[in-house]
*Asks:* 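Submitted below is the structure of interest, expressed as C-alpha cells.
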Amino acid sequence: MPEKWILFDVGGVLEVVDDDAWQDQWWSRWCREADVTRQEADERLAAAALPRIDLEAGVAEAFWEGLGAVLRLDSDRQAQMRAEFWDSYCGHADSELIAHAATLRGRARVAILSNSADGAREEEERRYGFSAVFDPICYSHELGVAKPDARAYRSALQRMDAAPEDVLFIDDHVEAVRGAREIGMSALLHRSTPQTVAAIEQFLRA
C-alpha cells in the first residue's frame, strides 16, 4: 500500500495564532511607537522596496534594517520590533495537535507546508522543535513560492516523494485548502483540534 501523509500548515494550525489579524496589529503598534501615521508608514514602506522575506531566504537582516529605517527606529527599538514580530508570528503551540502528529509514526508520515518569513525555521525550531516530528518542513521563503500557488504544493510533494491522492493537507485558510484540492490532495479546513484529529483518523482508515 502507498504510504499516507498528513501535511500540516503551521500558523493557525500547529500554532495557535490569528493569521488574519496579528500582522496588522503588530504594524499599527509600531507605527504608533515610531510616532508616524499608518498611511505615512505604508507609503514609506512601499517606496523602500524591501526584500520579500516571504519568498526569499537569506534576506532577513536586510529586511529588518530596512524596516527599521522606514520607521526611523534606533537599533534597540529595531531589535524589540523584530522580537515582537516573532512572538506574534509564532503564537503558542497547539500541543495536543503536535502530540497527535507524533503518535502517527508507523501509520503515516507527517510534514509541514507553510507560508513563512525568512527566519521562521530557526524561530519555530527553537520554540517548538518541529523537526523532531515533521519531515520534510517546507517553507515558502525557501521554496520561493507560496500557497495557494500550485507550485508550492507540488514542491512539497516532490520533497515528500508522495502522490497527491496519498496526502491529507490541513490549513486554516479556505484558499489554501482549495489549492490543495485542485492538485488532487484531500484537504481539510482546520476549525478545531478535535475535529482535525478525527478527520486525520478517518483519512487513515479509508
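Keep in mind that the numbers below use all heavy atoms, side chains included, and drop hydrogens, waters and symmetry copies.
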*Asks:* For residues Ile6 and Ala108, report the shortest heavy-atom separation together with the two atoms involved.
*Replies:* CG1-CB, 4.4 Å
*Asks:* Nearest 0.5 Å please: distance from the SG atom of Cys138 over to the NZ atom of Lys147.
*Replies:* 10.5 Å
*Asks:* Around atom CD of Gln202, are there more than 12 heavy atoms of other residues, nucleotides or ligands at under 6.0 Å?
*Replies:* no
*Asks:* Can any side-chain N or O of Ser140 pair as donor or acceptor with the backbone N or O of Leu55 at less than 3.5 Å?
*Replies:* no
*Asks:* Quick one: closest heavy-atom pair of His173 and Asp171, and the distance?
*Replies:* N-OD1, 2.9 Å
*Asks:* Looking at Trp27 versus Phe85, is the centre-to-centre ring distance below 6.0 Å?
*Replies:* no
*Asks:* Between Gln25 and Ser88, is a side-chain contact (heavy atoms from CB on, under 4.5 Å) present by the stated rule, with each step listed?
*Replies:* CA-CA 9 Å; Gln25 294 168 354; Ser88 297; over 6 Å; no
*Asks:* Honestly curious: do Val16 and Tyr128 fall in one hydrophobic cluster under the side-chain, below-4.5 Å linking rule?
*Replies:* no
*Asks:* Kindly give the heavy-atom pair with the smallest separation between Lys4 and Ala206, and that separation in Å.
*Replies:* NZ-O, 2.8 Å
*Asks:* Could you measure the distance from the CG atom of Asp9 to the CG atom of Leu188? Nearest 0.5 Å is fine.
*Replies:* 11.5 Å
*Asks:* Of Asp135, Val110, Ile137, which is the lone residue that meets side chain to side chain contact (heavy atoms under 4.5 Å, CB included) with Phe130?
*Replies:* Ile137
*Asks:* Between Glu33 and Arg29, is there a salt bridge with N-O shorter than 4.0 Å?
*Replies:* yes
*Asks:* For Asp74, I'd like to know if atom CG has over 12 heavy atoms of other residues, nucleotides or ligands within 6.0 Å.
*Replies:* yes
*Asks:* Is it true that Arg127 and Glu15 make a salt bridge, defined as a side-chain N closer than 4.0 Å to a carboxylate O?
*Replies:* no
*Asks:* Working to the nearest 0.5 angstrom, can you tell me the gap between Arg109 CZ and Asp166 CG?
*Replies:* 12.5 Å
*Asks:* Between the main-chain N or O of Tyr139 and the side-chain N or O of Ser114, is there a donor-acceptor pair closer than 3.5 Å?
*Replies:* no
*Asks:* Do Ile112 and Tyr89 belong together in a cluster built from hydrophobic side chains that touch within less than 4.5 Å?
*Replies:* no
*Asks:* Under 3.5 Å, is there a donor-acceptor pair between the side chain of Thr103 and the main chain of His100?
*Replies:* yes
*Asks:* Measure across Gly12 and Asp172 and return the closest heavy-atom pair with its distance rounded to 0.1 Å.
*Replies:* CA-OD2, 3.4 Å
*Asks:* Are any non-hydrogen side-chain atoms of Leu67 and Leu45 less than 4.5 angstrom apart?
*Replies:* yes
*Asks:* Test Arg77 against Glu84 for salt bridge (Lys or Arg N to Asp or Glu O under 4.0 Å), laying out the working first.
*Replies:* CA-CA 10 Å; Arg77 290 203 295 170; Glu84 288 184 12; over 6 Å; no
*Asks:* Is Arg178 paired with Glu175 through a side-chain N to carboxylate O contact shorter than 4.0 Å?
*Replies:* no
*Asks:* Looking only at heavy atoms, which two atoms of His190 and Leu97 are closest? And how far apart?
*Replies:* CE1-CD2, 4.2 Å
*Asks:* I'd like to know if Arg38 pairs up with Asp24 as an ion pair, taking the criterion as any Lys NZ or Arg NE/NH1/NH2 lying under 4.0 Å from an Asp or Glu carboxylate oxygen.
*Replies:* yes
*Asks:* Is a donor on one side and an acceptor on the other found under 3.5 Å between the side chain of Trp30 and the backbone of Gly68?
*Replies:* no
*Asks:* Does this structure show an ion pair linking Glu61 with Arg82, if we count only N-O contacts that are shorter than 4.0 Å?
*Replies:* yes
*Asks:* Count the heavy atoms of every other residue, nucleotide or ligand shown that sit under 6.0 Å from CD of Gln195, and state whether that count exceeds 12.
*Replies:* yes
*Asks:* Using the side chain to side chain donor-acceptor pair (under 3.5 Å) definition, which of the options Arg121, Glu124, Glu125 pairs with Ser131?
*Replies:* Glu125
*Asks:* If every non-hydrogen atom of Leu104 is compared with every non-hydrogen atom of Ile200, which pair is closest and at what distance?
*Replies:* CD1-CG2, 3.9 Å
*Asks:* Do you reckon Phe203 sits in the same ILVMFWY cluster as Ile170, going by side-chain contacts under 4.5 Å, direct or chained?
*Replies:* yes
*Asks:* Given the rule that I, L, V, M, F, W and Y join up when any side-chain heavy atoms are under 4.5 Å apart, are Val17 and Leu14 in one cluster?
*Replies:* no
*Asks:* Are Glu40 and Arg44 within salt-bridge range, i.e. N to O under 4.0 Å?
*Replies:* yes
*Asks:* Same cluster or not: are Val174 and Val10 linked, directly or through other Ile, Leu, Val, Met, Phe, Trp or Tyr residues, by side-chain heavy atoms under 4.5 angstrom apart?
*Replies:* no
*Asks:* For the atom pair CG (Asp35) and CZ (Arg32), what is the distance rounded to the nearest 0.5 Å?
*Replies:* 11.5 Å
*Asks:* Identify the residue among Asp118, Asp54, Asn115, Ile53 that makes a side chain to side chain contact (heavy atoms under 4.5 Å, CB included) with His141.
*Replies:* Asp118
*Asks:* Counting neighbours of CZ on Arg105 that are heavy atoms of other residues, nucleotides or ligands and sit closer than 6.0 Å, is the number greater than 12?
*Replies:* no
*Asks:* Apply the hydrophobic cluster definition, ILVMFWY joined by side-chain contacts under 4.5 Å directly or through others, and give me every member besides Val145.
*Replies:* Trp5, Leu7, Leu113, Leu143, Tyr153, Leu157, Met160, Val167, Phe169, Ile183, Met185
